[in-house]
Amino acid sequence: MAGAGVATANTSLFRSAVSTLQAKSLAIVGASERARWPSDIFKNLREFGYPGRIAFVNPRQTEVFGQHCYPSLRDLPEPVDHALVIVPGAAVPGVLTDAEETGVSSATVYAAMMGDGEEPESKARGAWLADFVARSRLRVAGPNCMGAYSYRERLFGYPNTELCRLAPGATACIFQSGGTIQFWMKSAADRGLRFSYCVTSGNEPDLGLADYLNFVIDDPETRLVVLFIEGIRRPEAFMHAAGRALAIGKPILAIKTGATAESRAASQSHTGAIAGDYAAYLAMCDRYGIVNFRSLDDLVEGALAFEGRRLPKGPRIGFVTTSGGTVDLLYDYAATEAAVMPDFTDATKAALKPMMQDGIAPKNPLDVGIPSTIEIAAKICETAAHDSNVDMVAWASPMPRKEDAWGDVSALRDMLGTTDKPVVGFGRMIYQVSNNHVAAQEAAGFPFLQGIQPTIRALNGLWFHAARRGRLPAAPPPAPPSELSPATLEPTLARYGIALPQSLEIATADEAAAAAERIGFPVALKIRSRDILHKTEAGGVALGLRNRDAVHAAANALAASARASHPGARIDGFLVQEMVSGVEAIVGARSDPLYGPMLLVGAGGVLVELANDAALRLLPVAAHEVGAMIDGLKLAKLLSGFRGQPAADRAALTRTALGLAQFFLDHRTRIKDIEINPLMVRPSGAVAVDVRVLWREGV
């Protein structure tokens with residue numbers, strides 16, 4: 001996708017969900033008046049106005065709800081677009097075979113035990129289904145799902161009646177959890193959110209997250225997409241769809257399970273341990289503009305914030321409150337959430353002061369006391385919104401109701417018309433919401449969120465999307481051929497601008513002492529072994545050696561320690577290096593099996609994993625992206641000269657990171673992982689003290 005000018009879909013990556021979500025005729029397979037799901041679904045389709053033909057299929061029934069019931073799909077007088085297959089897992093293969101052979105376009109399979117779990121019967125059915133969809137033209141949704149809602153089409157295939165009563169809206173939901181979606185939808189709907197399509201995707205042997213995402217991106221009525229992700233089975237297609245959404249400015253909000261899962265590569269490298277599954281997922285979100293939230297509650301608040309249909313031009317939030325305690329909490333939470341909260345300009349402070357209680361100084365976050373009228377409250381918010389230091393305004397107020405003293409919200413609507421900046425109300429805590437609340441929110445024209453931290457996260461999410469929208473994310477080029485080998489590693493790194501310390505590889509303790517004299521004291525001594533990746537943990541590093549005797553003794557001690565910690569390891573000799581000092585950083589690159597090549601930059605040394613002060617980005621990266629990575633780290637303070645230490649050469653760190661990134665992209669056919677730890681960032685320049693490479697098999 002790199003360099004493409006339009007956000008068109010690569011049709012070879014996707015499977016069409018049109019006949020599933022926009023079917024003009026249906027068959028309910030397993031139709032019964034006694035079975036809850038088929039009964040509820042049929043009643044919802046009829047009660048809420050599905051306009052298409054509905055056929056019943058059940059070999060044990062001749063009539064259902066007064067309508068003729070056919071023994072199988074083969075017996076229908078004409079095929080249907082879509083089959084809702086609500087039968088036990090054992091019966092699914094026969095039904096899908098009938099659907100395939102009679103011209104049905106797609107089917108939703110609700111049954112579990114179709115590849116999920118550990119039961120042999122389930123695994124066998126899952127294997128059959130995988131083979132079936134690979135050779136079939138029939139599109140299959142599910143299995144192990146609960147169906148979908150298509151609100152404009154009135155196609156309600158999910159067994160929940162209450163949610164069918166909602167009017168169509170502009171938010172699409174795609175959940176890999178069939179049960180969770182109805183509870184999230186209910187909570188969001190109670191707050192005023194309305195939906196276009198809501199899909200449960202199940203096990204996804206055929207239609208999956210990427211296909212549904214691609215479908216709603218092309219839907220002109222969908223303005224916002226919400227995802228519940230358990231796993232991304234086809235990452236290339238998913239990222240292609242997410243890139244299209246970002247390019248056309250359609251926000252994607254997500255929550256993903258598995259934040260605490262152990263990294264697959266934790267035992268191989270520091271980079272692998274830090275860049276685990278969830279960290280790699282977050283790096284993908286950063287590249288493709290997906291706003292990731294920590295909880296289902298935050299996901300509701302974020303969706304409501306985006307429903308305001310305004311995006312900020314920067315990250316700066318102006319807070320208007322009526323409580324000093326709220327102000328104190330905002331300082332704490334803004335720091336925790338890395339929110340930008342600058343002070344108001346002098347002109348804004350002067351304009352605010354006549355509307356505030358005596359004795360309170362105007363500042364951001366603002367405690368105005370208790371405004372006497374909603375008109376004054378609206379004027380205060382308007383004044384804050386007009387401040388040149390502010391990109392968004394958050395007003396601490398619960399949603400007004402018609403019967404409240406502040407029930408007439410026309411002043412709020414008028415205030416909103418004076419600015420194009422996002423404005424939200426927010427309650428300090430969660431509270432119950434009535435229909436009158438929602439009506440007042442709609443009349444005011446902007447959303448009312450709940451909770452101080454969720455509000456800050458939602459506003460940060462607005463800026464996260466706004467800062468990235470409208471661009472088609474760059475993707476790495478195909479890996480070129482490479483002849484890199486251990487023998488050519490160091491000169492090749494040097495060609496990419498990666499400076500290495502003066503060093504000599506030798507075999508014995510006597511040779512180590514002689515090599516140290518040639519380099520000049522003090523020196524560092526390291527064990528050389530292809531079987532020992534983390535030398536420090538094996539007792540394989542000695543630093544600051546100042547004479548021949550110290551080097552000789554250290555060599556013998558290092559060899560003994562390495563053999564004790566790794567009895568079977570092959571000891572190849574020693575590496576003698578000049579001592580290099582500076583700020584310790586780590587720079588690494590590896591290929592994630594899902595999302596592709598990525599770069600890691602962080603605080604280095606022996607505490608790299610414990611400190612976990614690292615940033616991860618998908619490759620390729622530009623200099624400004626590496627700069628943003630460093631800005632978000634505690635390492636940035638060390639580089640600037642912490643507690644009287646001299647400032648380190650941050651530009652050299654950036655150059656080294658960019659050089660390593662390009663090196664990895666060019667040679668990833670030969671290496672799986674490369675890591676510089678530590679990279680010593682000096683007052684001038686940066687030196688790669690220890691380079692560790694995981695070579696691919698055969699190298």
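The figures that follow rest on heavy atoms only: side chains count, while hydrogens, waters and symmetry mates do not. These numbers were taken from a predicted model, which means no experiment stands behind them.
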Heavy-atom closest contact (Ile252 atom, Ala242 atom, distance):
CD1-CA, 3.9 Å
Quick one: does Gln662's side chain have a donor or acceptor within less than 3.5 Å of a partner on Gly659's backbone?
no
Heavy-atom side-chain contact between Ile527 and Val541 under 4.5 Å
no
Any donor and acceptor pair, going by atom type alone, linking the side chain of Ser640 with main-chain N or O of Lys637 inside 3.5 Å?
yes
Show every donor-acceptor pair shorter than 3.5 Å between a side-chain atom in residues 626-636 and any protein atom, with sequence neighbours excluded, or say none if there are none.
from, atom 1, to, atom 2, distance (Å)
Asp631, OD1, Arg650, NH1, 3.0
Asp631, OD1, Arg650, NH2, 2.6

Return yes if some donor-acceptor pair links the side-chain N/O of Asn144 with the main-chain N/O of Ala112 below 3.5 Å, else return no.
no
Whether Arg528 and Asp572 form a salt bridge (side-chain N of Lys/Arg under 4.0 Å from carboxylate O of Asp/Glu) is what I want to check.
no
Regarding Asp690 and Asn677, is there a side-chain donor-to-acceptor distance under 3.5 Å anywhere?
no
Can you tell me if Arg668 uses its side chain to pair, donor with acceptor, with the backbone of Leu665 under 3.5 Å?
yes
Give me the atom names and distance for the closest heavy-atom approach of Ala254 to Ile229.
CB-CD1, 4.1 Å
Closest heavy-atom pair and its distance - Leu575, Glu505:
CD1-CG, 3.6 Å
With sequence neighbours left out, write down each residue that passes side chain to side chain contact (heavy atoms under 4.5 Å, CB included) with Glu337, or none if nothing qualifies.
Arg294, Gln453, Ile456, Arg457, Asn460
Side-chain donor-acceptor pair under 3.5 Å between Tyr278 and Asn292, yes or no?
yes
Determine, for Glu697 against Lys672, whether the closest basic-nitrogen to carboxylate-oxygen distance falls under 4.0 angstrom.
no
With a 3.5 Å distance limit and no angle check, can you tell me whether Ser122 reaches the backbone of Gly115 through a side-chain donor-acceptor pair?
yes
Any side-chain donor-acceptor pair under 3.5 Å between Ser12 and Asn10?
yes
Closest heavy-atom pair, Arg234 versus Arg15, reported as atoms and distance to 0.1 Å, is NH1-NH1, 3.5 Å
Can you sort out the partners of Trp128 under ring pair (Phe, Tyr, Trp, His ring centres under 6.0 Å), two or more places apart, ordered by chain and number?
Phe132
Checking Gln176 side chain against Gly231 main chain: does a donor-acceptor pair fall under 3.5 Å?
yes
Just by distance, do the side chain of Asp116 and the backbone of Met114 share a donor-acceptor pair under 3.5 Å?
yes
Charged N to carboxylate O below 4.0 Å: is that the case for Glu204 and Arg233?
yes
Are any side-chain N or O atoms of Asp211 and backbone N or O atoms of Gly208, one a donor and one an acceptor, separated by less than 3.5 Å?
yes
For residues 481-533, the ring-ring contact (aromatic ring centres under 6.0 Å, His included) pairs (sequence neighbours left out) are Tyr496-Phe663, Tyr496-His667
Met146: what forms a side chain to side chain contact (heavy atoms under 4.5 Å, CB included) with it, not counting sequence neighbours?
Trp37, Tyr158, Pro159, Gln182, Thr200
Applying side chain to side chain contact (heavy atoms under 4.5 Å, CB included) to Ile532 and not counting sequence neighbours gives Ser529, Ala538, Ala562, His566, Ala569, Ile571
State, without any angle test, whether Arg244 and Asn214 hold a side-chain donor-acceptor pair at a distance under 3.5 Å.
yes
So, the side chain of Thr488 versus the backbone of Leu484: is there a donor-acceptor pair under 3.5 Å, distance only?
no
